[in-house]
Amino acid sequence: MTTTTAPLTEHAPDPGLSATVRLDALLARSARLHPDRPALSGPGEEWTYAELDRAVDALAAELTAAGLTPGERVGVYAPKTPATVIALYAALRAGAVVAPLDVADPPARTARMVRNAGISLLLTTDRALAGCRQAAALAREDGGAAPEGQLEHGLNRLRVLEGTDRPAPLPAPTDRGGYILFTSGSTGWPKGVLLSHTNVAHYALWAAAEFGLTEHDRIGSQAALTFDLTTFDLYSAAAAGACVVLMPDVLRAFPRDVVNWLNEQRVTAFMAVPSLYHAMLQQGGFAQDLPPTLRVAAFGGEPFAPVLLQEYLRLLGDVPFYNLYGPTETNACTYFRMPTDWTADQELTIGRGIGGVLIEVLDADGRPTDGEGEIHIAGPTVFQGYLRDGELTDPTVTATFRDGVARRAYASGDIGRITPDGRVFLRGRRDSQVKRRGHRIDLLDVESAVLELPAVSTAAVVAKDGGPHSGEIWVYARTDASEREVLAELRAVLPKRMLPDRIVPVADLPTTTSGKVDRRALSTLTDTPATGTDPAGTTRTPEENRT
């Protein structure tokens, strides 16, 4: 496949705008510049920029008339459809702090997100209304039904907190709106990652410029709206006047259908986690059915299998293929355009900081090091803090970088090293978090859910290290319940992406000489149960366990 990167137009997005621009203003700007260009495409419907901006304006006015106030926190609990995108933009335009919520999550977990982030209003679609009602009732102090109202586009509003029960406004700049994404928390309560308009817009504008997006591009949006990859899909598209093409969620499990969708929808720009790229190449026929319109692609969120990455570079030819890195707290903060001649025997770098973002590696004493240390991130993409019990806490630190300047920085928990020319190489984690299909999962979050089960007296959750089960999440538990019974209970409180691969009943947990649970020993144990039940509920044979 050969192509050339499209040049920036005279209306190209300017990354320097990010300090003052609002996310909804990116949409309004493109509606003025490209009113008749397609902005949003979903199954059976397409919206121009002028149509989308008018719908957003009207819904924002409707929300304000219904009592929504600037700075209020609004959850959007809906499947990924054009109506959901309209709801996100409308809440932003009304001055709200917006939190996309996943309808696939158990209502009990969604209720914990709502309470922890201090969300007072939920927006949902008719199709998701029943689940939203359940989550809202669980989130309310009285456990009663939330007052409801109907909105345009098949949307509904549910009031979780009323009057003085609403949390106090957040400090500037999020007192006039922002964005909330959730990440796994060690206590079993997901943490709300609070981002300002500037935090998100800086990355969106940078990506639009770096990838050369124009009003002629069609961006394939495959990830859930709760995943930070979609900030590129929605807001980089708006920055450039490009069209966002929403992939039906059901296709994600069928790699062949994803490849067909890329071709049928004439997608020109695409970003996904390596797991999806792996599946498209190995089971989806990507090599035999290369999307001819694809002119730029990117991956991030987890390691890419080196041999498969090398094959993609061969297939894509001169199509730019980017490696992006960044925790939810900073969005993508480093980038590396893969050389076409890169091979699997070479070490892979995550690159350098995106425009305006600075990366440093600090040792255990907080000093810059040329050896391995913790990756610290500073700059305009660094989040405002975590929302817990409705209150904002800022976990960032003041770190002195090697240029001698002290900066507000986020300590990522990732271990890496940095070269003299600024390239960063990842080495692992310093805590209990793992990446699974691009999602960051705190093993202690899973463990908290297990320990809350009445049938479990004690448990330890580990990620397997080495062997045929490397990377899998295993639970070792003292319980009289079967693996199937424990998994059935966990499905009610954990999203599917966090369900363990194995539940192993044990009489006792191994301990270290200091009496603590020996998690390292558990992570390297090679014993496997004779049969098991996967998170989908299918009994597996010993041979399937090994596979």
Side-chain angles (χ1 to χ4, degrees), residues 8-42 45-66 68-72 74 76 81-98 100 123 151-153 155 172-179 195-209 211 213-219 221 225 230-246 269 380:
L8 297 180
T9 68
E10 61 178 319
H11 301 306
D14 176 8
L17 293 174
S18 65
T20 57
V21 77
R22 294 174 56 86
L23 297 173
D24 56 291
L26 296 175
L27 172 66
R29 178 175 179 269
S30 282
R32 293 193 302 272
L33 295 173
H34 315 290
D36 299 322
R37 294 293 304 175
L40 180 62
S41 178
E45 57 181 309
E46 188 166 277
W47 296 70
T48 66
Y49 267 99
E51 292 169 339
L52 181 59
D53 195 56
R54 283 196 296 269
V56 167
D57 255 347
L59 184 57
E62 195 175 0
L63 290 171
T64 300
L68 179 64
T69 57
E72 192 171 347
V74 175
V76 179
T81 65
T84 307
V85 175
I86 292 170
L88 287 170
Y89 269 120
L92 288 168
R93 186 159 293 177
V97 180
V98 181
L123 304 180
L151 302 165
E152 291 294 317
H153 312 293
L155 294 166
T174 50
D175 57 333
R176 305 296 293 181
Y179 220 71
L195 300 158
S196 68
H197 280 269
T198 295
N199 292 149
V200 180
H202 185 89
Y203 163 67
L205 288 160
W206 170 86
F211 297 165
L213 298 182
T214 75
E215 66 273 21
H216 302 292
D217 276 303
R218 291 175 63 84
I219 298 176
S221 180
L225 292 170
T230 56
T231 57
F232 164 76
D233 301 343
L234 296 183
Y235 306 115
S236 292
C243 180
V244 182
V245 186
L246 304 181

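The first residue of the sequence shown is numbered 1, and numbering continues consecutively from there.
- Contact of the Thr231 side chain with the Leu195 side chain is not registered, since no non-hydrogen atoms from C-beta on lie closer than 4.5 Å.
- Residue Arg176 qualifies as open at atom CZ: its count of foreign heavy atoms under 6.0 Å is 12 or below.
- In terms of heavy-atom proximity, Ala208 sits nearest to Ser236 at CB-O, 3.8 Å.
- The structure places CZ of Arg37 at 7.5 Å from OG1 of Thr214, a figure rounded to the nearest 0.5 Å.
- When all heavy atoms of Ala55 and His153 are compared, the closest pair comes out as CB-NE2, 3.9 Å.
- In this structure, the side chain to side chain contact (heavy atoms under 4.5 Å, CB included) partners of Pro82, at least two apart in sequence or on a different chain, are Leu40, Glu45, Trp47, Leu246.
- For Tyr203 and Tyr235, the ring centers are positioned 6.0 Å apart or more.
- Residues meeting the side chain to side chain contact (heavy atoms under 4.5 Å, CB included) test with Ala269, sequence neighbours left out: Leu213, Ile219, Val296.
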Result block: side-chain N/O donor-acceptor pairs under 3.5 angstrom for residues 83-93, not counting sequence neighbours:
from  : atom 1 : to     : atom 2 : distance (Å)
Thr84 : OG1    : Pro79  : O      : 2.5
Thr84 : OG1    : Thr81  : OG1    : 3.1
Tyr89 : OH     : Leu234 : O      : 3.4
Arg93 : NH1    : Asp53  : OD1    : 2.9
Arg93 : NH1    : Asp57  : OD1    : 3.1
Arg93 : NH2    : Asp24  : O      : 2.9
Arg93 : NH2    : Asp53  : OD1    : 2.9

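- To the nearest 0.5 Å, atoms NE2 (His34) and NE2 (His216) are separated by 8.5 Å.
- Legend: residues meeting side chain to side chain contact (heavy atoms under 4.5 Å, CB included) with Glu46, ordered by chain and number and at least two apart, are Pro38, Ser41, Arg218.
- Between the Tyr49 side chain and the Leu33 main chain, no donor and acceptor come within less than 3.5 Å of each other.
- Pro173 meets the side chain to side chain contact (heavy atoms under 4.5 Å, CB included) test with Ser196, Gln384; sequence neighbours excluded.
- Heavy atoms only, all atoms of each residue included: Gly71 and Val97 are closest at O-CG2, 3.9 Å.
- Panel note: side chain His197, backbone Leu23; a donor-acceptor pair is recorded below 3.5 Å.
- Legend: residues meeting side-chain hydrogen bond (donor to acceptor under 3.5 Å, both in side chains) with Thr48, ordered by chain and number and at least two apart, are Glu51.
- At a threshold of 4.5 Å between non-hydrogen side-chain atoms, the residues Tyr179 and Asn199 do not count as touching.
- Within the 3.5 Å criterion, the main-chain N or O of Ala238 finds a donor-acceptor partner in the side chain of Ser30.
- Side-chain contact between Thr198 and Val21 is absent, with no heavy atoms from C-beta onward closer than 4.5 Å.
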